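Report on the structure given below.
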Amino acid sequence: MPELPEVEVVRRGLEAHVLDRRITAVEVLHPRPVRRHLAGPSDFAATLTGRTFTAARRRGKYLWLPLDNGDALLGHLGMSGQMLVQEPGAADEKHLRVRFSFAGSGPAGEAPGERSDRLELRFVDQRMFGGLSLAPGGAELPAELTHIARDPLDPAFDDAAFPRRVRRSESGIKRILLNQSMISGVGNIYADEALWLAELHGDRPGRMLRPADVERVLTGVRAVMTAALAQGGTSFDALYVNVNGESGYFDRSLEVYGQEGQPCSRCGTPIRRVAFMNRSSYFCPTCQKAPRARRN
DNA sequence: AGGCTGTCCTGCTAGC
DNA sequence: TGCTAGCAGGACAGCC
């Protein structure tokens, strides 16, 4: 389940492999991942063919690849999306959705069959919550992302404004962390991990938190993200694979997420799981006291 | 306007 | 064995 660190790993991989190569073909094998391109899959393919990616950028969990004409390819991995750089002959993945073929980077006169460095970029996505679309004029920042807040690893993230905004909200701090217009890049896993580090229950309303509480949350978010990034991202199964098909292994470091019944490493209390927004929240009931007016 | 819920997807697992 | 229900969850439309 890619969150910011995993997406950043993918961004780095794209930056290393697919820039400055002419796109020779685009094949859309399933229409759903390009559903946001209203002109349809064939137009999507035709528009990108012949273009070149010039950079690989990210905000929160969104990726975009500026093109040599000022537009950009915008992408989101959703829950199960992968970007795989493959040799052209490699067998198709079961959930291959979009294939970009690139020319080799060798001399133009070289016979195509002799180029050893042609490659493909493959968008593979089992559950298809993710997608790709074209962002006209979106090289700097696609219009679709203007409502997405800066992420906590962005040097321009406003550390002073964040606690002020949190303390103006009636929502629980976990809901706030998952709100991409407040802070981007945080998903269910790292929200739970950061709240455990900050020793705060996710149902505590923003307006009831002290500035120091919010600062601890932000510090916790950055700590788990930085640790995950250092290890190449989180992986729970084969769903998340980085740009070269290599799984992460940060899951072994998780303190609460998926750890129901396991002892809290700080106090030994069994970790609890509760339903939250059609998914789950994991927390230590001793270290993370629920607010008095409990809502569950 | 801010807050919140339902919905989209597939595949794996638990339970009968 | 084979079926179904439950679960995983990011983002957005749409409701209050």
Side-chain angles (χ1 to χ4, degrees), chain A residues 1-8 10 28-38 58-64 74-83 93-98 123-133 135 142-149 151-152 164-195 202-208 221 225 228 233-241 248 251 254 256-261 272-282 291 293 295-296:
Chain A
M1 299 122 198
E3 297 185 30
L4 184 152
E6 292 78 18
V7 178
E8 174 60 16
V10 170
V28 179
L29 293 98
H30 195 296
R32 180 157 176 84
V34 297
R35 62 195 176 279
R36 297 187 65 173
H37 185 76
L38 300 180
R58 181 187 60 72
R59 174 172 287 196
K61 300 171 212 171
Y62 280 95
L63 286 165
W64 74 99
L74 177 62
H76 196 294
L77 301 178
M79 278 193 55
S80 52
Q82 305 169 16
M83 295 281 197
E93 293 75 11
K94 182 175 181 188
H95 303 292
L96 176 61
R97 308 305 188 190
V98 183
F123 182 72
V124 177
D125 190 2
Q126 178 202 107
R127 285 170 235 187
M128 296 188 289
F129 276 38
L132 303 173
S133 61
E144 294 88 337
L145 303 192
T146 52
H147 70 290
I148 303 290
D151 63 65
R164 285 200 298 270
R165 291 192 65 195
V166 169
R167 281 156 46 76
R168 266 187 257 127
S169 172
E170 302 282 355
S171 296
I173 182 64
K174 178 164 178 182
R175 194 182 280 275
I176 293 170
L177 287 177
L178 296 179
N179 181 346
Q180 305 294 303
S181 67
M182 293 283 280
I183 180 172
S184 69
V186 185
N188 200 40
I189 300 165
Y190 294 148
D192 281 359
E193 293 297 307
L195 290 168
D203 285 345
R204 296 272 298 274
R207 67 180 300 117
M208 303 298 277
V221 167
M225 285 184 171
T234 300
S235 179
F236 299 90
D237 48 35
L239 282 181
Y240 171 74
V241 184
D251 52 308
L254 295 174
V256 286
Y257 186 85
Q259 308 298 311
E260 183 179 21
R272 284 195 55 199
R273 181 178 82 88
V274 297
F276 174 82
M277 288 172 76
N278 284 332
R279 55 208 65 170
S280 296
S281 281
Y282 298 88
R295 282 173 295 188
N296 50 16

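Because only heavy atoms are used, hydrogens play no part in the values below, and waters and symmetry mates are left out as well, while side chains stay in. Here is how names work: the chains are called A, B, and so on, in the same order as the sequence lines, proteins then strands, and each is numbered from 1. Everything numeric in this text was worked out from a predicted model, so none of it was measured.
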Item to complete: Indicate, with a heavy-atom threshold strictly under 4.0 Å, whether A/R165 touches base, sugar-phosphate, or nothing.
Response: nothing
Fill in: Under 4.0 angstrom between A/S171 side-chain N/O and B/dC4 OP1 or OP2
yes
Discussion item. Among B/dG3, B/dC9, C/dA11, which nucleotide has an atom closest to any side-chain atom of A/R32?
Written reply: B/dC9
Worksheet item: Does A/R175 place a side-chain N or O at less than 4.0 Å from the phosphate oxygens OP1/OP2 of B/dT5?
Response: yes
Fill in: Atom-pair distance (CZ on A/R35; C1' on B/dT7), nearest Å
12 Å
Worksheet entry | Non-hydrogen atoms of A/P152 and A/S184 that approach each other most closely | CD-O, 3.2 Å
Item to complete: Using whole Å, report how far CZ of A/F129 lies from C1' of B/dT7.
Response: 8 Å
Worksheet item: Considering only C/dA8, C/dG10, C/dC12, which nucleotide approaches the side chain of A/R36 most closely?
Response: C/dC12
Worksheet item: Rounded to the nearest Å, what distance is computed from the CZ atom of residue A/F276 to the C1' atom of nucleotide C/dG10?
Response: 13 Å
Response to the item:
A/K61 has its side chain closest, among C/dG10, B/dT10, B/dT5, to C/dG10
Worksheet entry | Distance in angstrom units between A/M79 CE and C/dC7 P, rounded | 14 Å
Discussion item. With a 4.0 Å limit, can you tell me whether A/Y190 has a side-chain N or O closer than that to the phosphate oxygens OP1/OP2 of C/dG10?
Written reply: no
Item to complete: Mind checking A/H30 for me? I need base, sugar-phosphate or nothing, with any heavy atom below 4.0 Å counting as a touch.
Response: nothing
Discussion item. Looking at every heavy atom in both A/F123 and A/G130, which two are closest together, and how far apart are they?
Written reply: CZ-C, 4.2 Å
Fill in: Closest to the A/S169 side chain, choosing from C/dC12, C/dA8, B/dG3
B/dG3
Item to complete: Compare every heavy atom of A/Y190 with every heavy atom of A/E6, then report the nearest pair and how far apart it is.
Response: OE2-OH, 2.9 Å
Worksheet item: Using a cut-off of less than 4.0 Å, is there contact between a side-chain N or O of A/H76 and OP1 or OP2 of C/dG10?
Response: no
Worksheet item: Can you find a side chain N or O atom of A/H95 that sits less than 4.0 Å from OP1 or OP2 on B/dG11?
Response: yes
Fill in: Spacing between A/R127 atom CZ and C/dA11 atom P, to the nearest angstrom
15 Å
Discussion item. Under 4.0 Å, heavy atoms only, any strand: does A/R168 hit a base, just the sugar-phosphate, or nothing?
Written reply: nothing
Discussion item. Could you tell me the Watson-Crick or G-U partner of B/dC12, where both distances fall under 3.5 Å? Say none if there is no partner.
Written reply: C/dG6
Practice prompt. Give the rounded distance in Å between these two atoms: CG of A/L145 and P of C/dG10.
Written response: 17 Å
Item to complete: Return the value, rounded to whole Å, for the distance between atom CG of A/L177 and atom C1' of C/dA11.
Response: 16 Å
Worksheet item: When the distance from CD of A/Q126 to C1' of B/dT13 is rounded to whole Å, what number comes out?
Response: 13 Å
Worksheet, complete the sentence: Exactly one candidate in A/K61, A/R59, A/R58, A/Q180 meets side chain to side chain donor-acceptor pair (under 3.5 Å) with A/D151; the answer is A/R58
Discussion item. Closest approach to the side chain of A/N278, judged atom by atom: which nucleotide of C/dC12, C/dG10, B/dG6 is it?
Written reply: B/dG6
Practice prompt. Give the nucleotide from the list C/dG10, B/dG3, B/dG11 with an atom nearest to the side chain of A/E3.
Written response: C/dG10
Worksheet, complete the sentence: Ranking B/dC8, C/dA8, C/dG10 by distance to the side chain of A/S280, first place goes to C/dA8
Discussion item. If you compare all heavy atoms of A/M83 against all heavy atoms of A/L77, which two are closest, and at what distance to 0.1 Å?
Written reply: CG-CD2, 4.0 Å
Worksheet item: Okay, side chain of A/R97, backbone of A/Q126: is any donor-acceptor separation there less than 3.5 Å?
Response: yes
